[in-house]
Amino acid sequence: MPELPEVETTRRGVEPHCLGRTVKQLQVRDPRLRWPVPDTLAPALAGLVITAVERRGKYLLFRTEKGSLLVHLGMSGSLRVVAAGAEPGRHDHIDLLLDSGLSLRYHDPRRFGCFLWQAPGEVHPLLAHLGPEPLSEAFDGELLYRFSRGRRSPVKNFIMDGTVVVGVGNIYANEALFLSGIHPGRAAGRVSPARYLRLADCIKRVLTSAIEQGGTTLRDFVGGDGKPGYFAQQLYVYGRAGQPCKACGTPLRERRLGQRSSVYCVTCQR
DNA sequence: CGCTGACCCTGACGGC
DNA sequence: TGCCGTCAGGGTCAGC
């Protein structure tokens, strides 16, 4: 269920359970993820103290002094805090057992996620070419404008390109384009500087408010059902094809761009 | 270098 | 009821 707000919500949820804790064991019940979980990962992690839980784009980094555990939740992954020894269910592929008696349980039906090792002082190849964080000052409309020159593919594909900016998934790309009044199919190189300023602003706004909503489910990381909070969010276009635009009433259209569904209002977005 | 499509998987859902 | 095609919020990679 992870877009950036869900990953950040996960990070905030698991962080207090991890900081200062020693890894007792990494139990890998099924190593067949996007890339196979390396045999060397469990031995490498055993006995290490987690010093920080960070996020880079949609990747989570569990830092220790000897290296970091790199986790991605893919499309269907989740991390929950459970009591050690709790019976694993279907698709509960990995447990990270901590010395507190709790463990982080990784659940991922589609197995598009990953558990990898990052050596100390190194940046994993998967992270090496990532663009700026959308909520950082390094990301703004000026950057979008500069990087988009000469690009003929749709602006929606452009803002979902992780080398441009990380963490803008399909839901929030659709929402941000609606809020900024830009048609998702417009060529990235044909969007004006002023509109890119607006778009960058909308991306920040929509992600920030989604993270705030995700925060309401933090307590559910121990026990509870762990439903992601963003369903509660007011979505303007995502999942609303055929329904009236909330701004003008025009029925929303749907179209596939880069193999992903795009929903937009032909009146409000140009 | 930019862009397109294939691919990695399971599960839910709609139509017949 | 069951079978089949389609789609799903991720991202990488080969090939043009």
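Naming convention: chains lettered A, B, ... in sequence-line order (proteins, then strands); numbering from 1 in each chain. Since this is a predicted model, take the numbers as computed values, not measurements.
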Shortest side-chain distance from [X], nucleotide among [options]:
X: Ser153(A); options: dT10(B), dG10(C), dT4(B); answer: dT4(B)
X: Glu3(A); options: dG10(C), dC7(C), dT10(B); answer: dG10(C)
X: Tyr238(A); options: dA8(C), dC3(B), dT12(C); answer: dA8(C)
X: Leu126(A); options: dG10(C), dG11(B), dT12(C); answer: dT12(C)

- Would you mind pulling out the nucleotide paired to dC9(B), Watson-Crick or G-U wobble, both distances under 3.5 Å? none

In whole angstroms, how far is the [atom2] atom of [N] from the [atom1] atom of [X]?
X: Met75(A); N: dC7(B); atom1: CE; atom2: C1'; result: 13 Å
X: Phe112(A); N: dC7(C); atom1: CZ; atom2: P; result: 15 Å
X: Arg34(A); N: dT12(C); atom1: CZ; atom2: C1'; result: 5 Å
X: Arg152(A); N: dC16(C); atom1: CZ; atom2: P; result: 20 Å
X: Ile159(A); N: dG11(C); atom1: CD1; atom2: P; result: 13 Å
X: His93(A); N: dT10(B); atom1: NE2; atom2: P; result: 9 Å
X: Leu116(A); N: dG10(C); atom1: CG; atom2: C1'; result: 14 Å
X: Arg256(A); N: dA6(B); atom1: CZ; atom2: P; result: 12 Å

[X] with [Y]: basic N within carboxylate O range, under 4.0 Å:
X: Asp95(A); Y: Arg29(A); value: yes
X: Glu54(A); Y: Arg11(A); value: no
X: Arg56(A); Y: Glu133(A); value: yes
X: Asp99(A); Y: Lys24(A); value: no
X: Arg90(A); Y: Asp30(A); value: no

- Message: With rounding to the closest Å, how many angstrom separate the P atoms on dG5(B) and dC7(C)?
- Response: 15 Å

Under 4.0 Å between a side-chain N or O of [X] and OP1 or OP2 of [N]?
X: Arg260(A); N: dC7(C); answer: no
X: Ser76(A); N: dA8(C); answer: no
X: His91(A); N: dG11(B); answer: yes

- Query: Of Arg151(A) and Arg90(A), whose nearest nucleotide on DNA chain B comes first from the 5' end?
  - Reply: Arg151(A)

- Task: Using heavy atoms to find the nearest nucleotide of DNA chain B for Arg111(A) and Gln259(A) separately, return the residue whose nucleotide is more 5′.
- Result: Gln259(A)

- Note on the structure: Residue pair Trp35(A)/Arg110(A) against DNA chain C: nearer the 5' end by closest nucleotide is Arg110(A)

- Under 4.0 angstrom, heavy atoms only, what part of the nucleic acid is Phe147(A) near: base, sugar-phosphate, or nothing? nothing

- When all nucleic acid strands are considered with a 4.0 Å heavy-atom cut-off, which category describes Arg32(A): base, sugar-phosphate, or nothing? nothing

- Query: Hey, what's the ring geometry for Tyr106(A) with His93(A), parallel, tilted or perpendicular (30° and 60° as the breaks)?
  - Reply: tilted

